[in-house]
Amino acid sequence: MPPAPPAKRRGGKIALIVVLVVLLLVCPCLGLVGWAAWKAADGDGDAAAPAPSLSAPVVPPVLPSDLPSPNLPSPDEEEFAKGDCVVNDGSEDDADLRKVPCGPNTYQVLLRIPATTDGDRCKTLAPQATANYVHDNTIDVLDYVLCLKKR
């Protein structure tokens, strides 16, 4: 009988795969540590440099409270909340809402929907609304819709 062929050794392939996986995990960590050390060393070089001397007098900064206050309405006057009553001093196309005491011929705010300009949402969220006001700000998160009801 011929001798049996030697058994295949798989241990070498498995060891190679394990080593490659370990290297792939360790190398990025070493790279990050090296980068952090390099940035720390670079930051220390700036701190050791002497600051240039200035002969100009130091002027304290102007704080916002030091500035004259312009005649702008306070944020409370501009903010509309549920229950407020408003009138439109503008046109239907270019509304200019103003808070007023509730009474006849005013609109009561039923709901304020933040961060949207979709006035149709009043149909589902406040079905008793008879009108809506869309405030479209240049910063989208400051947009809102007011669902209004004529009193």
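The first residue in the sequence is number 1, and the count goes up from there.
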K.L.:
Given a cutoff of under 4.5 Å between side-chain heavy atoms of I, L, V, M, F, W and Y, with clusters grown through shared members, what are the other residues clustered with L111?
P.N.:
I113, L125, V134, V145
K.L.:
Looking at SG of C147 and CZ of R112, how far apart are the two atoms once the value is rounded to the nearest 0.5 Å?
P.N.:
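Result: 11.5 Å between the selected atoms.
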K.L.:
How long is the gap from CG on L146 to NE2 on H135, to the nearest 0.5 Å?
P.N.:
9.5 Å
K.L.:
How about K99 and F80: do any of their side-chain heavy atoms sit closer than 4.5 Å?
P.N.:
yes
K.L.:
Please give the remaining members of the hydrophobic cluster of V141, linking ILVMFWY side chains under 4.5 Å, ordered by chain and number.
P.N.:
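Result for V141 is I139, L142.
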K.L.:
Got a donor-acceptor contact below 3.5 angstrom from the D96 side chain to the D89 backbone?
P.N.:
no
K.L.:
If you measure from CG on D136 to CG on D143, what distance do you get to the nearest 0.5 Å?
P.N.:
4.5 Å
K.L.:
Is the ring pair Y144/Y133 parallel, tilted or perpendicular, if the boundaries are 30 and 60 degrees?
P.N.:
tilted
K.L.:
Rounded at 0.5 Å granularity, tell me how far CG in N88 sits from CG in L148.
P.N.:
9.5 Å
K.L.:
Between the side chain of D94 and the main-chain N/O of S91, is any donor-acceptor distance below 3.5 Å?
P.N.:
no
K.L.:
Taking everything shown except E92 itself, do over 12 heavy atoms lie less than 6.0 Å from its CD?
P.N.:
no
K.L.:
For the NZ atom of K149 and the SG atom of C85, what is their distance to the nearest 0.5 Å?
P.N.:
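With rounding to 0.5 Å, NZ (K149) is 11.5 Å from SG (C85).
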K.L.:
Using a strict threshold of under 4.0 Å (side-chain N to carboxylate O), is an ion pair present between D120 and K123?
P.N.:
yes
K.L.:
For the pair D84 (side chain) and V109 (backbone), establish whether a donor and an acceptor sit closer than 3.5 Å, ignoring hydrogens and angles.
P.N.:
no
K.L.:
Are R98 and V86 close enough that some pair of their side-chain heavy atoms sits under 4.5 Å apart?
P.N.:
no
K.L.:
Taking the side chain as everything from C-beta on, heavy atoms only, tell me whether R151 gets closer than 4.5 Å to C102.
P.N.:
yes
K.L.:
Where the side chain of K150 meets the backbone of Q108, is there a donor-acceptor pair that is under 3.5 Å apart?
P.N.:
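Pair absent, no side-chain N/O of K150 close to backbone of Q108.
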K.L.:
Linking Ile, Leu, Val, Met, Phe, Trp and Tyr through side-chain heavy atoms less than 4.5 Å apart, which residues share a cluster with V100?
P.N.:
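V100 shares its hydrophobic cluster with V87.
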